[in-house]
Amino acid sequence: MSEPAVSGSREPRPDDAEETPDAPDSETDAESADAADAAGSEAATKTTGAAAVVAALESNGVETLFGVQGGAIMPVYDALGRSSLHHVTMAHEQGAAHAADAYGVVAGEPGVCLATSGPGATNLVTGIADADMDSDPIVALTGQVPTEFVGNDAFQETDTTGITTPVTKENYFAGDPDTVGDTVGEAFALAGAGRPGPTLVDLPKDVTLSETETREATSETPEHYDPQEVPDADAVEAAARTLEDAERPLVLAGGGVVKGEASDELRAFATEHDVPVATSMPAVGTFPEDHDNSVGMIGMHGTGPANMAVTHCDTLFAVGCRFDDRLTGGVETFAPEAEVVHVDIDPAEISKNVHADVPVVGDAGTAIAAIADEMDESPDADDWRDQVDDWQAEYPMTYHASEDGPIKPQFVVEAFDEATDDDAIVTTGVGQHQMWAVQFWTFTEPRTWVSSHGLGAMGYGLPAAIGARLAADDDQEVVCFDGDGSFLMTVQELSVAVRENLDITVAVLNNEYIGMVRQWQDAFFDRNRVASEYDWCPDFATLAEAFGAKGFTVDHPDDVADTVEAAMAYDGPSVVDFHIDPDENVYPMVPSGGANGKFALSEGQL
């Protein structure tokens with residue numbers, strides 16, 4: 001059978017071997033050679049939109065990112081595979097966003113997460129909204145269908161920029177391969193600038209596949225974004241005079257102290273002027289809780305001394321605080337006798353919820369230092385300090401426990417705190433376990449408390465522990481406190497911890513309830529426990545072993561300390577299922593909309 005004819009081919013001739021090409025010394029041949037060289041050089045300089053995206057991440061110092069692969073984002077993953085970046089494949093996109101969020105909290109720079117179009121992008125939304133509420137810097141990169149299909153209800157198409165506009169600091173539809181690198185660079189710069197927050201870049205597949213000659217990306221915030229970092233001199237002077245004249249001063253540190261790297265300035269101010277310091281929950285660790293001037297956390301489940309101090313102070317020096325309802329209770333009863341000096345880099349927060357008598361717009365650390373320099377003397381507040389000391393003695397954080405059990409969750413938190421170093425990182429889900437963790441762990445360093453505050457996203461704890469572990473120093477320990485309900489929401493991420501061989505310890509405070517809901521139902525809904533009580537709960541230790549982690553179960557208080565030690569000693573992910581007292585509640589508690597100074601210490605006082 002003859003071979004098929006091939007277009008453009010010919011049979012070899014006997015004398016072909018004797019034919020020699022002419023030397024390229026003619027003008028025509030020289031031009032052809034130059035053209036070939038130029039074509040080769042042009043091909044060498046061409047890249048793709050996807051490669052430009054990855055180059056922008058590399059130029060911003062990104063080392064680790066979290067995501068889930070998919071069709072529309074595949075070109076970016078192809079470029080990632082040719083880079084040195086460490087990509088962590090998460091089990092679910094929500095986990096990717098939470099991991100990136102926690103990475104940013106611990107590292108102090110934006111975390112990065114990726115997802116494909118449609119359901120991949122929408123699965124990120126919970127984590128993006130959480131970062132937005134807590135002013136955490138993340139950059140989300142989402143794949144999108146090719147631009148010609150946008151708006152046609154194509155397979156796995158959603159209006160990602162439209163969906164995420166309310167929960168991002170800025171988002172972008174990247175429609176040009178020549179500028180996509182600059183867009184990613186701007187998103188990264190903006191996420192960490194001023195008041196941090198999440199940004200998102202939506203990447204159509206044709207843009208990331210297209211060729212471009214642009215290889216270098218800029219990383220600048222947009223021209224219209226110009227936050228005021230240095231406070232107005234008149235505002236600084238007014239704040240200094242107000243603080244000097246105070247007789248009952250109180251510093252309230254908000255999450256902006258953490259974001260602004262202002263813990264050193266805060267500590268110096270409070271120590272020099274001997275002023276009591278309270279924190280909001282996002283600010284835990286900014287001021288050492290073992291310091292004599294610390295009164296602890298203010299708010300719904302804050303300490304008695306902190307809530308009494310804010311109720312009776314005559315001057316409140318609030319820094320980087322947005323005065324949300326869980327902190328203030330009823331606004332009309334919050335700090336009712338105080339002149340409020342409010343420092344914030346975001347002018348939109350000034351007098352939004354609580355009226356500021358002295359508004360100071362500026363960077364937290366810069367403002368604190370400027371006000372401290374302007375002050376000629378410390379406030380005369382000896383009697384006030386004595387009163388605060390009396391509240392410390394009157395309202396200690398305590399709980400009642402029996403040697404025979406059941407296990408008290410507070411005891412578990414204290415056992416882990418005692419077994420770890422001061423710089424250990426604590427992540428949590430959301431619920432009763434979150435409150436016990438923040439109440440009974442002694443925090444002394446910033447960026448060691450990682451939780452979901454404003455959004456209150458159950459399931460945050462485990463993926464956050466993964467992100468925190470990868471951002472933390474090698475010798476820092478990472479402990480995740482979770483509830484049984486919160487743990488079940490993202491338990492699949494345990495597979496990631498095992499695959500990545502991450503040394504994290506998960507303490508499940510298991511009461512077989514959605515505990516905070518059950519507590520509210522008992523207190524405010526005549527104990528009608530609808531959909532908060534589990535008839536059956538998995539064996540979390542066995543489940544952990546099935547994932548390849550180390551599992552432990554603890555039923556008695558006598559076994560807590562030894563098990564904590566064994567779990568922390570295990571080199572890899574471990575899960576400890578603590579069967580705690582199912583009737584234990586979180587106190588102190590300020591009822592929603594109540595007065596901070598009228599906190600309850602038991603259900604009967606609600």
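Hydrogens, waters and symmetry mates play no part in the numbers below; they use all other heavy atoms, side chains included. Here the structure is a predicted model, which means the values were calculated and not measured.
Qualifying side chain to side chain contact (heavy atoms under 4.5 Å, CB included) partners for D176, counting only residues two or more places apart in sequence or in other chains: D178, T179. Take R326 and apply the salt bridge (charged side-chain N to carboxylate O under 4.0 Å, His left out) test, not counting sequence neighbours, and it matches no residue. Under the rule for a ring-ring contact (aromatic ring centres under 6.0 Å, His included), Y513 has no partner lying at least two apart in sequence or in another chain. Remark: R499 pairs with no residue by the salt bridge (charged side-chain N to carboxylate O under 4.0 Å, His left out) rule, at least two apart or across chains. Checked against ring-ring contact (aromatic ring centres under 6.0 Å, His included), F524 has the following partners two or more places apart in sequence or in another chain: W520. Listed by chain and number, the residues in a salt bridge (charged side-chain N to carboxylate O under 4.0 Å, His left out) with E349 are R195, K352 (sequence neighbours excluded). Judged as a salt bridge (charged side-chain N to carboxylate O under 4.0 Å, His left out), and not counting sequence neighbours, E512 has no contacts.
At least one donor-acceptor pair closer than 3.5 Å links the side chain of T427 to the backbone N or O of G461.
Atom CD of E109 has more than 12 heavy atoms from other residues, nucleotides or ligands within 6.0 Å. Other residues, nucleotides and ligands place no more than 12 heavy atoms under 6.0 Å from the CG atom of D153.
Taken from OG in S83 to CD in E58, the straight-line distance is 5.0 Å, to the nearest 0.5 Å.
The list of salt bridge (charged side-chain N to carboxylate O under 4.0 Å, His left out) pairs with a residue in residues 69-92, not counting sequence neighbours, reads D78-R82. Screening residues 440-462 for salt bridge (charged side-chain N to carboxylate O under 4.0 Å, His left out) gives E261-R447 as the qualifying pairs, with residues at least two apart or on separate chains. Screening residues 127-138 for salt bridge (charged side-chain N to carboxylate O under 4.0 Å, His left out) gives D136-K259 as the qualifying pairs, with residues at least two apart or on separate chains. For residues 161-171, the set of pairs meeting the side chain to side chain donor-acceptor pair (under 3.5 Å) definition, not counting sequence neighbours, comprises D159-T161, T164-N171, T165-N171, K169-Y225. Sorted by first and then second residue, the pairs that involve residues 572-588 and meet salt bridge (charged side-chain N to carboxylate O under 4.0 Å, His left out), not counting sequence neighbours, are K408-D581, K408-E584.
Checking S451 against Q434 by side-chain atom types alone, a donor-acceptor pair falls below 3.5 Å.
The shortest side-chain heavy-atom distance between V496 and P463 does not fall under the 4.5 Å cut-off. A heavy-atom distance below 4.5 Å is not found between the side chains of F173 and T160. Between Q521 and N528 there is no side-chain heavy-atom pair separated by less than 4.5 Å. Counting only heavy atoms from C-beta outward, the side chains of F188 and V62 approach each other to under 4.5 Å. In this structure, F416 and V426 have side chains that are not in contact, with every pair of non-hydrogen atoms separated by 4.5 Å or more. Looking only at side-chain heavy atoms (C-beta outward), I466 and M90 come within less than 4.5 Å of each other. Using a 4.5 Å heavy-atom threshold, the side chains of T208 and V180 count as separate.
Of the candidates D482, T490, D484, D482 is the only one forming a side chain to side chain donor-acceptor pair (under 3.5 Å) with S486.
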